[in-house]
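Atoms within a ligand are numbered from 1 in the order they appear, just like the ligands themselves. Computation of the quantities below employed the complete heavy-atom set of this structure, encompassing side-chain atoms and omitting hydrogens, waters and symmetry-equivalent molecules.
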Amino acid sequence: MLRSLLLWCAQNPWLSTHVPKWGFVRRAVRRFMPGEDLDAALTAAGDFKAQSIGSLLTRLGENVKNLSEAQEVVEHYESLFARVAKDGLDAEISVKPTQLGLDIDPAAAYSNFERLARAASKAKSFLWIDMEGSAYTEPTLDLYRRLRADHPRTGIALQAYLHRTVHDVVKLLPVKPAIRLVKGAYAESSSIAFTAKKDVDANYLALCALMLPQAKQGKLRLVLATHDVDLIARIARFAHALGMEHGQLEVAMLYGIRADQQARLAREGFIVKDLISYGDAWYAWYLRRLAERPANVLFVARQLF
Ligand SMILES: Cc1cc2nc3c(=O)[nH]c(=O)nc-3n(C[C@H](O)[C@H](O)[C@H](O)COP(=O)(O)OP(=O)(O)OC[C@H]3O[C@@H](n4cnc5c(N)ncnc54)[C@H](O)[C@@H]3O)c2cc1C
């Protein structure tokens, strides 16, 4: 119930205008982001690099209201790709389709993604497309299929909680995709999504069993984007049975969550990336982080006192 309530709050317009001004919430958010400005994110990326952990950078924001806002986001990320190349950072960039205008004009969103794919290629970096709520799954997959045809340094997040994901993986395999597999962070109905954790975990594992042989043959880049270290260990055992080494497995986690496990996995030879968020549009994103682990609400309450 608390998860559903938090995900409802994430969509509520009144709360999204007022809550970000409350000091105790701003203090609590710092646990999940090094700061609101890009410099704080880049400093964190530098610190991760020293621990052999790469970074995924994302400026928070979604559902922009007009295409000029999307233009500004594109220009921001173009200059960020240039900076990543100039400073030699081990960093990739991850962007939400509705931040580039998907729900205003899909054709404009596509050309925005193309500009960023070109910038990623020039910087020898990588562009990831986040996956949002199920209303966007089909247009996001269409966008990625088109983009991948000309831009190999691009990838897409897929959600293990959706029943359709197995079919989406099978349809994507011929384009040699890069897939970041997540469990899924939105409120979805049981008619289209697994709602029990054990079912989501079982589907995550089954999807990996499908994709790992392709990853081993170099036909797919697979990133395990989860903090579930038991699940990662089971997937690693399966990968080893296929003859894959730790160094062929990529794991990604969010900034501020299970930092000790990120460091351990990097020491054990896994390729590890930390997704660092920055920017001031953190409200809906932060509520989704609370919903993933309702115990985090206690942390917010502690900031109040
Ligand atoms: C790199 C990355 C990219 C992502 N991109 C997307 C995306 O594009 N689209 C999308 O829908 N979702 C995305 N997500 C979110 C994802 O869908 C899950 O909601 C989130 O990762 C929590 O699920 P889990 O896999 O960690 O497993 P869970 O079973 O939820 O968690 C496993 C354990 O991790 C710890 N943990 C998990 N979440 C938290 C938290 N918020 N605070 C504290 N501890 C926690 C807890 O100890 C928990 O027991 C992304 C996640 C990551 C790591």
Side-chain angles (χ1 to χ4, degrees), residues 2-3 6-7 10 28-33 48 53-58 60-62 91-99 102 126-137 140-141 143-144 154-162 164-165 168 178-188 192-205 207-208 222-235 250-262 265 270-277 282 284-300:
L2 187 51
R3 178 173 187 271
L6 289 164
L7 290 175
V29 170
R30 289 301 300 267
R31 183 178 171 192
F32 292 118
M33 54 196 291
F48 281 119
I53 295 176
S55 300
L56 288 165
L57 299 169
T58 194
L60 295 168
E62 49 202 90
E92 301 177 346
I93 287 172
S94 199
V95 185
K96 287 197 178 2
T98 65
Q99 196 181 15
L102 184 68
F126 207 88
L127 172 67
W128 287 98
I129 307 176
D130 288 350
M131 187 58 82
E132 299 175 80
S134 57
Y136 303 111
T137 310
T140 302
L141 281 157
L143 191 155
Y144 178 60
T154 55
I156 186 170
L158 294 184
Q159 296 155 326
Y161 65 9
L162 291 185
R164 59 174 289 161
T165 297
D168 294 334
I179 293 177
R180 184 175 86 209
L181 189 62
V182 302
K183 290 191 185 176
Y186 296 82
E188 303 292 358
I192 60 161
F194 299 104
T195 49
K197 175 176 158 54
K198 70 173 185 6
D199 296 333
V200 178
D201 292 358
N203 199 40
Y204 197 107
L205 202 56
L207 290 165
C208 288
L222 173 62
V223 176
L224 308 172
T226 177
H227 313 97
D228 191 336
V229 287
D230 294 337
L231 191 56
I232 293 170
R234 290 168 74 189
I235 295 162
E250 265 187 81
V251 175
M253 296 193 190
L254 303 180
Y255 179 91
I257 303 182
R258 299 207 138 173
D260 55 337
Q261 296 294 335
Q262 297 183 32
L265 290 164
F270 288 83
I271 301 166
V272 181
K273 301 231 184 296
D274 186 286
L275 193 152
I276 305 170
S277 300
W282 43 258
W285 165 86
Y286 181 57
L287 268 282
R288 289 195 291 273
R289 301 291 79 81
L290 296 184
E292 281 156 8
R293 195 156 184 260
N296 288 337
V297 175
L298 292 175
F299 182 78
V300 184

Among Asp228, Val182, Leu56, Ile129, closest by any non-hydrogen atom to atom 6 (C) of ligand 1: Val182
Interfacing atoms of ligand 1 (cut-off 4.0 Å, heavy-atom, Gln159): 9 (N), 10 (C), 11 (O)
pair Glu132-Leu102: side-chain heavy atoms closer than 4.5 Å: no
Which residue and heavy atom of the protein sit nearest atom 28 (P) of ligand 1, plus the separation: Lys183 NZ, 3.6 Å
Plane angle bin for Phe126 and Trp128 - parallel if under 30°, tilted between 30 and 60°, otherwise perpendicular: tilted
Thr58 side chain vs Ser94 backbone, donor-acceptor pair below 3.5 Å: yes
Sub-4.0 Å protein heavy atom next to atom 31 (O) of ligand 1: no
His227, Lys273, Glu292: member with heavy atom nearest to atom 35 (C) of ligand 1: His227
Ligand 1 contacted by Arg180 (non-hydrogen, < 4.0 Å): yes
For atom 24 (P) of ligand 1, the protein heavy atom that lies nearest, with its residue and separation: Thr226 OG1, 3.5 Å
Proximity of Arg258 to ligand 1 by residue part, where a heavy atom lies under 4.0 Å: side chain
Distance filter under 4.0 Å to Lys197 heavy atoms, resulting ligand 1 atoms: 29 (O)
Any side-chain heavy-atom pair of Arg164 and Leu141 under 4.5 Å: yes
All ring-ring contact (aromatic ring centres under 6.0 Å, His included) counterparts of Tyr255, not counting sequence neighbours: none
Heavy-atom check, side chain of Leu224 versus side chain of Leu222, under 4.5 Å: yes
Atom indices of ligand 1 within 4.0 angstrom of Ala157 heavy atoms, with elements: 8 (O)
Atoms of ligand 1, numbered as shown, that sit under 4.0 Å from any heavy atom of Ala225: 1 (C), 2 (C), 52 (C), 53 (C)
Expected output: side-chain Ser277 to main-chain Met33 donor-acceptor under 3.5 Å: no
Side-chain donor/acceptor of Gln262 to backbone N/O of His227, under 3.5 Å: no
Nearest-neighbour protein heavy atom for atom 7 (C) of ligand 1, which is reported as residue plus atom name and distance: Met131 O, 3.6 Å
Heavy atom of the protein closest to atom 44 (N) of ligand 1 (residue, atom name, distance): Arg293 CD, 3.1 Å
Side chain, backbone, both or neither: the part of Leu254 lying under 4.0 Å from ligand 1 by heavy atom: both
Residue part near ligand 1, for Ala252, under 4.0 Å between non-hydrogen atoms: both
Residue portion contacting ligand 1 (non-hydrogen atoms closer than 4.0 Å) for Leu275: side chain
Under 3.5 Å: donor-acceptor pair, side chain of Gln261, backbone of Val229: no
Ligand-residue contact atoms, ligand 1 with Gly184, heavy atoms, under 4.0 Å: 11 (O), 16 (C), 17 (O), 19 (O)
Side-chain touch Glu188/Thr137, heavy atoms, less than 4.5 angstrom: no
Any Arg288 side-chain heavy atom under 4.5 Å of Leu7 side chain: yes
Arg234, CZ: over 12 other non-hydrogen atoms inside 6.0 angstrom: no
Atoms of ligand 1, numbered as shown, that sit under 4.0 Å from any heavy atom of Met253: 53 (C)
Side chain Tyr286, main chain Phe32, donor-acceptor under 3.5 Å: no
Close-contact set for ligand 1 against Tyr186 heavy atoms, below 4.0 Å: 11 (O)
Ile257: numbered ligand 1 atoms lying under 4.0 Å from its heavy atoms: 36 (N), 39 (C), 40 (C), 41 (N), 42 (N), 44 (N), 45 (C)
Atom 41 (N) of ligand 1: any protein heavy atom closer than 4.0 Å: yes
